[in-house]
Student: 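Pasting in a structure now, in structure tokens, and then I'll have a few things to ask.
Residues: numbered from 1 along the sequence shown.
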Amino acid sequence: MKLDRVRNMGIMAHIDAGKTTVTERILFYTGKEHRLGEVHEGTATMDWMEEEQQRGITITSAATTCEWSGYRINLIDTPGHVDFTAEVERSLRVLDGAVAVFCGVAGVEAQSETVWQQADRYRVPRIAFVNKLDRVGADPGKAIEQIRRKLGGNPVPLQIPIGLEKDFEGVIDLITMKAHRYDEESQGREVTIEDIPAELRDDAELARGEMLGKVSESVDFLLEKFLEDQPIEPEELTRALHEATVSRKIVPVLLGSALRNKGVQDLLDAICAYLPSPLEVPVPDAEHLHTGKQVKIEPDAKANLAALAFKTFKDTHGELTYLRIYSGELEAGKQVFNSRRQKVERVQQIFRMHANQRESIPKAGPGEIVAVVGLKHTYTGDTLCPKAHPVLLESMSFPATVISAAIEPRSMADKDALVEALRQVEKDDPTFQVHLNEETGQTLIAGMGELHLEIVRHRLEKDFRVKFNMGKPRVAYRQTIGQRTRREKRIEKQLGNRMHFGHVVLEVVPRVDGGMHPAEIEMEIDKDTLPRALWLPIEQSLQASAKGGFSLGYPIINVAIRVVGGSYVEGESSDWAYEAAAIQALEEALEKGGVVILEPIMGFEVRTPSEYISGIVADLHSRRAKIDEMDPNAEPAIIRGSVPLSEVFGYSTTIRSLSQGRANFSLEPREYAPVPLDRSKELLF
């Protein structure tokens with residue numbers, strides 16, 4: 001299929017906004033599935049994992065391909081829970097467009113803001129779909145205003161509803177000025193297009209005028225016609241909407257109720273009409289592996305291959321690597337070069353995916369999203385290309401972990417199996433980390449939240465069949481240094497018949513620009529001070545020590561560790577001695593500079609019936625929460641703010657008891673901040 005008829009897009013939303021239900025309707029109407037999958041029944045096609053079906057939530061992003069009106073849609077359904085935000089991050093990195101689904105009752109929720117910001121970071125054009133207009137309290141106008149106010153978007157409604165709540169019947173299309181009603185007996189397959197009801201004609205004319213005004217502000221060729229009050233044909237308006245959406249000047253807004261099979265066919269039309277093809281979005285530049293120069297990547301099948309691995313996943317059938325191909329062609333049975341790992345790989349098979357089902361294809365070209373088997377050394381963020389033309393596409397960054405737990409094999413016989421399973425999970429999930437605490441000998445696993453580690457536990461038990469014991473989740477604290485300090489360490493030790501010499505001078509400098517940055521190792525010496533052969537052992541030992549955190553076990557962050565001096569003795573200097581000197585100098589510098597313990601601070605959003613708000617607010621204050629925003633007049637009432645993660649373990653039980661089970665809450669990582677002095681003393685001593 002020609003590239004201008006291809007749409008690579010994702011579905012993103014806050015949990016429970018109806019994102020997977022929208023995806024299931026898309027599969028049904030495009031003929032990819034012949035029955036309607038339902039999340040609440042555990043039959044959703046895209047939620048194929050056992051844990052997803054049992055919990056009714058999306059955990060891992062799932063890809064599929066379908067066709068609509070002569071267009072091929074490569075679709076990725078992403079999770080809405082904050083613990084699995086990495087799945088959204090890596091999906092948006094390779095997509096050309098997105099549909100953001102919003103609940104017509106709740107509007108813009110906490111995770112809605114997170115995924116919107118991720119899409120902003122990758123400059124992804126998007127469409128908004130305001131869902132659940134059949135629900136009590138549905139208000140599309142409120143949701144649209146929140147997109148403008150909270151997300152900084154420029155929403156342009158292309159429809160107005162015909163009725164709301166139990167009276168929601170369909171929509172009025174402001175482009176063609178026709179009413180769309182959806183036949184319930186055909187499960188929404190049949191759409192009746194008719195004249196606008198007389199009682200809604202004035203509202204439709206007013207809404208169309210507002211829409212034309214917004215679109216003409218963004219598209220020059222439409223502005224003149226609009227100002228001169230000339231007639232604007234639907235084809236012209238569609239072209240203008242496409243141009244403004246691709247340039248991210250507007251966000252078209254459509255309305256519906258996916259569960260009631262209303263509005264999704266119009267959404268499919270909008271995906272094809274307004275979202276960009278692979279030819280219309282800037283292909284990320286690549287860097288030549290050897291020269292460091294920028295290399296222009298073109299979406300051309302005859303060009304050199306450039307493909308980005310954005311996900312790996314191992315199941316019972318083997319290990320899959322998901323790729324977005326930007327240029328050139330990928331062929332089954334051929335060799336490719338992993339430029340980041342500098343490894344030659346062989347592509348055994350190529351698949352077009354439909355959730356966990358595979359369709360084998362002989363080759364794939366620009367703009368395609370496929371999965372391959374046979375890659376042994378490829379991780380998320382790696383680039384595949386020809387060895388003769390090695391390039392590096394920009395990789396991805398992921399948020400830091402906020403929670404950890406100790407894990408150990410049940411017996412020595414289980415040790416190797418557990419190590420291999422943890423290695424595979426760490427490879428598949430960039431927000432899951434494994435490290436050994438050298439002081440205690442414990443193996444620690446870290447993730448994005450309690451649910452994240454619970455899903456990892458389930459996967460280790462069910463998929464890898466490993467026997468292990470796992471401790472209770474605990475906060476993943478970090479440490480930094482209070483002030484700049486300089487330390488010098490000299491090692492002179494006789495071992496056997498040889499003297500081992502090492503001498504290192506370090507400066508440790510705190511970073512004050514905010515955020516959360518891993519410790520940076522900077523070699524500010526020349527080869528006359530220390531031979532280059534010693535630099536790597538010093539760097540590696542400092543990096544490992546910063547990650548391990550010495551006796552506290554908390555990784556060191558937000559510092560620059562600078563090697564500024566040292567000396568060398570011919571015949572006595574050894575790697576071991578310099579590693580030991582560097583480690584001891586860093587430990588002393590940390591102590592002298594004053595250890596500062598940092599804790600993860602979570603942004604929270606609570607939605608509760610207003611009669612419970614005072615009790616919930618009082619409880620939040622007792623948990624060191626800072627309330628930033630509260631709307632007690634909304635129904636449900638909304639409370640937003642920040643709270644230390646350590647204070648909200650098991651909070652779901654508390655909030656249920658405070659609200660008779662009627663309130664809900666969500667959390668998302670916000671920042672790391674110093675622990676209060678009294679709490680810090682407990683952690684230090």
Student: Has H242 got a side-chain atom pairing as donor or acceptor with A273's backbone, closer than 3.5 angstrom?
Tutor: yes
Student: Could you tell me which non-hydrogen atom of P299 sits nearest to which non-hydrogen atom of V283, and how far apart they are?
Tutor: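 For P299 versus V283, the nearest heavy atoms are CD-CG2, 3.9 Å.
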Student: Please walk me through it: do H354 and T64 pass side-chain hydrogen bond (donor to acceptor under 3.5 Å, both in side chains)?
Tutor: CA-CA 4 Å; H354 178 49; T64 190; 2.5 Å; yes
Student: Side chains of N74 and T65: any donor to acceptor distance under 3.5 Å?
Tutor: yes
Student: Can you name the closest pair of heavy atoms from Y29 and Q187 and give their distance?
Tutor: OH-O, 2.7 Å
Student: Salt-bridge test for R181 and E194: reply yes if a basic N is under 4.0 Å from a carboxylate O, no otherwise.
Tutor: yes
Student: Decide yes or no for E605 and Q111: does some side-chain heavy atom of the first lie under 4.5 Å from some side-chain heavy atom of the second?
Tutor: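 With C-beta onward as the side chain, the pair stays apart.
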Student: Quick one: do E89 and R93 make a salt bridge, cutoff under 4.0 Å?
Tutor: no
Student: Using atom types as modelled and distance alone, determine if a side-chain donor or acceptor of R208 lies under 3.5 Å from a backbone N or O of L174.
Tutor: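 Checked: pair present.
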Student: A258 and V22: which non-hydrogen atoms are nearest, and at how many Å?
Tutor: CB-CG2, 3.7 Å
Student: Does the ring centre of F102 sit less than 6.0 Å away from the ring centre of F129?
Tutor: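 Between F129 and F102, the centre distance exceeds or equals 6.0 Å.
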Student: Looking at G137, is its backbone amide N or carbonyl O close enough to the side chain of E165 to form a donor-acceptor pair, meaning the two atoms are under 3.5 Å apart?
Tutor: yes
Student: What are the two closest heavy atoms between Y182 and G263, and how far apart are they?
Tutor: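 Residues Y182 and G263, closest heavy atoms: CZ-N, 3.4 Å.
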Student: Using a strict 4.0 Å threshold on nitrogen-to-oxygen distance, state whether R201 and E199 make a salt bridge.
Tutor: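 No, this pair does not count.
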Student: Would T380 and R90 count as having a side-chain donor-acceptor pair, cut-off 3.5 Å?
Tutor: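 Yes - a donor-acceptor pair under 3.5 Å links their side chains.
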Student: Could E217 and K249 be called an ion pair, given the rule that one side-chain N must be under 4.0 Å from one carboxylate O?
Tutor: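 Judged by the 4.0 Å cut-off on N to carboxylate O distance, E217 and K249 do not form a salt bridge.
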Student: Quick one: does V191's side chain get under 4.5 Å of D183's, heavy atoms only?
Tutor: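 V191 does not reach D183 side chain to side chain.
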Student: Can R148 and E145 be counted as an ion pair, charged N to O under 4.0 angstrom?
Tutor: yes
Student: Report yes or no: is the cationic atom of R121 (NZ for Lys, CZ for Arg) closer than 6.0 Å to the six-membered ring centre of W116, at no more than 45° off its axis?
Tutor: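 Not satisfied by the 6.0 Å and 45° rule.
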Student: Give a yes/no verdict on a cation-pi contact between K311 and Y322, requiring under 6.0 Å between NZ or CZ and the six-membered ring centre and an angle within 45° of the axis.
Tutor: yes
Student: Do any N or O atoms from the side chain of E87 and from the backbone of S61 form a donor-acceptor pair under 3.5 angstrom?
Tutor: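 Checked: pair present.
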Student: Determine the minimum heavy-atom distance between E243 and V219, stating which atoms define it.
Tutor: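 Scanning both residues, the minimum pair turns out to be OE2-CG1, 3.8 Å.
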Student: Mind listing the closest non-hydrogen atom pair of L658 and Y612 along with its distance?
Tutor: O-CD2, 3.4 Å
Student: Check for a donor-acceptor pair, side chain of T401 on one end and backbone N or O of I403 on the other, with a separation under 3.5 Å.
Tutor: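 Absent.
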Student: Give a yes or no answer on whether the side chain of K142 reaches the backbone of V105 with a donor-acceptor pair at less than 3.5 Å.
Tutor: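 Here the side-chain-to-backbone pair exists.
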Student: For the side chain of R623 and the backbone of E647, is there at least one donor-acceptor N/O pair under 3.5 Å apart?
Tutor: yes
Student: Assess whether side-chain hydrogen bond (donor to acceptor under 3.5 Å, both in side chains) is satisfied between T20 and D77, documenting all intermediate values.
Tutor: CA-CA 7 Å; T20 298; D77 179 30; 3.1 Å; yes
Student: So, R670 side chain and L667 main chain: donor-acceptor pair closer than 3.5 Å or not?
Tutor: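 No, R670 side chain to L667 backbone: no donor-acceptor pair under 3.5 Å.
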Student: Has R607 got a side-chain atom pairing as donor or acceptor with A106's backbone, closer than 3.5 angstrom?
Tutor: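 The answer is yes, because a donor-acceptor pair under 3.5 Å joins these two groups.
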Student: Working to the nearest 0.5 Å, report the span between OG of S91 and CD1 of I11.
Tutor: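 The CD1 atom of I11 is 11.5 Å from OG of S91, to the nearest 0.5 Å.
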Student: Do N8 side-chain atoms and G367 backbone N/O form a donor-acceptor pair below 3.5 Å?
Tutor: yes
Student: Could you pull out all residues at least two apart from D269 that satisfy side-chain contact (heavy atoms from CB on, under 4.5 Å)?
Tutor: W68, S69, D266
Student: Is it true that E611 and R662 make a salt bridge, defined as a side-chain N closer than 4.0 Å to a carboxylate O?
Tutor: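 Yes.
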